[in-house]
Amino acid sequence: MHPRPLNAHVSSVGAIDWDRRLFDSLIPLPDGTSYNAYLVRSEGRTALLDTVDPSKRSVLFANLEDVERLDYLIAHHAEQDHSGLIPEVLARFPEAVLVCSPKAKGMLVDHVGAAEDRIKTVADGETLALGGLTFEFIHTPWVHWPETMVSYLRESKILFSCDFFGSHAAQSELFVCDESLIGLAAKRYFGEIMMPFRTAIQKNLDRLAKLDIGMIAPSHGPVYAEPGSILAAYRDWVSETPKNEVVVPYISMHGSTAMMVDRLVCRLAGHGVRVQPFNLDDIDIGKLAAALVDAATLVVGTPAVHIGPHPRVASVVYLANALRPKLKFVGILGSYGWGHKITDTIAAMTPNLKAELLAPVMSRGLPRQAELAAVEALADAIAARHAALGLI
Ligand code: FEO
């Protein structure tokens with residue numbers, strides 16, 4: 001995509017990746033993504049904000065073709081999808097100074113081989129003049145690495161937020177034009193990489209609230225010309241109050257666990273609880289991560305493989321523990337052939353989930369009336385707990 005103006009001083013010079021389908025060899029990208037970089041010019045002075053994923057180097061350098069001199073390359077984050085081309089940009093512009101947070105300095109040297117003697121570190125709250133414009137740098141640790149910072153272009157009221165407020169969405173429009181579509185993409189993105197750091201993000205939101213933000217320009221996805229909705233969404237997502245929702249990742253080898261999940265889903269729905277089952281035969285973990293952002297309860301459905309949970313279930317349990325959602329309750333149901341240690345195994349895998357473990361329901365073979373009644377009792381207990389929290 002060619003350079004596109006945000007205003008008279010700022011252009012988007014990054015790349016859209018329509019075809020990428022997996023990030024970090026983990027996160028599905030059903031709608032592709034973008035690696036946004038921005039060029040800021042004022043009174044003959046020029047700054048580039050971040051680079052792009054190295055796979056898109058030709059796009060970035062084509063967009064910089066008419067740039068004769070670069071004064072500053074500002075790196076908000078050391079992860080390679082934004083920093084990977086820093087050495088090449090510094091080589092193309094030998095006069096440019098690389099600006100980053102003190103913590104990012106060593107990371108940029110280690111991760112991408114940035115030249116140490118080209119780096120200027122900036123303190124939290126420090127400003128930098130560029131012609132008639134002023135950047136204010138705000139350290140925002142743990143969105144989602146420890147070195148991350150954002151910059152605020154005072155005169156334009158633009159917040160350059162890097163991963164913060166980002167979304168994996170390839171679209172031809174520079175600005176958000178379908179708020180509900182991008183809202184879902186941003187929620188997925190939050191669940192996938194930001195959710196473990198809710199407390200830090202809450203503090204960073206508080207700090208940003210002091211700024212008069214007219215526009216948010218992230219490093220993935222479209223620019224927010226009206227940032228109110230994404231700021232409100234983040235406030236909601238980082239809050240400790242869950243919603244009346246149950247997420248049920250499950251797998252079934254011979255149908256027993258599926259019967260139990262069906263009974264659970266029907267009973268919960270009858271209580272007015274929103275329930276989202278995810279059959280792990282074919283799972284989009286981005287959708288699961290998005291569902292975990294609001295859920296009050298997780299119920300894991302698994303048959304025994306040998307004596308432990310099915311490996312695909314174990315993988316999702318591991319991920320849920322790593323993402324640290326705001327769950328209040330965890331349930332386990334499933335079936336086994338001759339014996340199992342599923343409950344102990346899952347409990348040992350989830351030390352980060354500060355949630356009450358509800359009485360598990362396990363069936364030896366096909367669930368009969370007693371086991372299905374126990375599943376209904378589990379659903380009743382979940383609904384009662386949601387009601388006690390005022391969620392229903
Ligand atoms: Fe988009 Fe943390 O990199």
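Read the numbers this way: they start at 1 and go in the same order the structure lists the ligands and their atoms. Because only heavy atoms are used, hydrogens play no part in the values below, and waters and symmetry mates are left out as well, while side chains stay in.
- Cluster note: Tyr38 groups with Leu6, Val10, Val40, Leu49, Tyr72, Ile74, Val97, Val99, Val122, Leu128, Leu130, Leu133, Phe135, Phe137, Met149, Leu153, Ile158, Phe160, Leu174, Phe175, Met215, Val223 through ILVMFWY side-chain heavy atoms spaced under 4.5 Å, whether in direct contact or through intervening members.
- Transitive grouping of hydrophobic side chains (ILVMFWY, heavy atoms separated by less than 4.5 Å) keeps Val275 and Leu288 in distinct clusters.
- At least one side-chain heavy atom of Val273 sits under 4.5 Å from a side-chain heavy atom of Ile392.
- Here side chain to side chain donor-acceptor pair (under 3.5 Å) pairs that include residues 364-391, with residues two or more places apart or in two chains, are Asn244-His386, Arg263-Glu376, Arg267-Glu376, Arg267-Asp380, His271-Asp380, Thr297-His386, Glu356-Arg385.
- Neighbouring protein atoms of atom 1 (Fe) of ligand 1 (N, O or S, distance under 2.8 Å, waters ignored): Asp81 OD2, His82 NE2, Asp163 OD1, His220 NE2.
- Aromatic ring orientation, His77 versus His144: perpendicular (interplanar angle above 60°, classes split at 30° and 60°).
- Residues forming a salt bridge (Lys or Arg N to Asp or Glu O under 4.0 Å) with Asp124 (at least two apart in sequence, or on another chain): Arg207.
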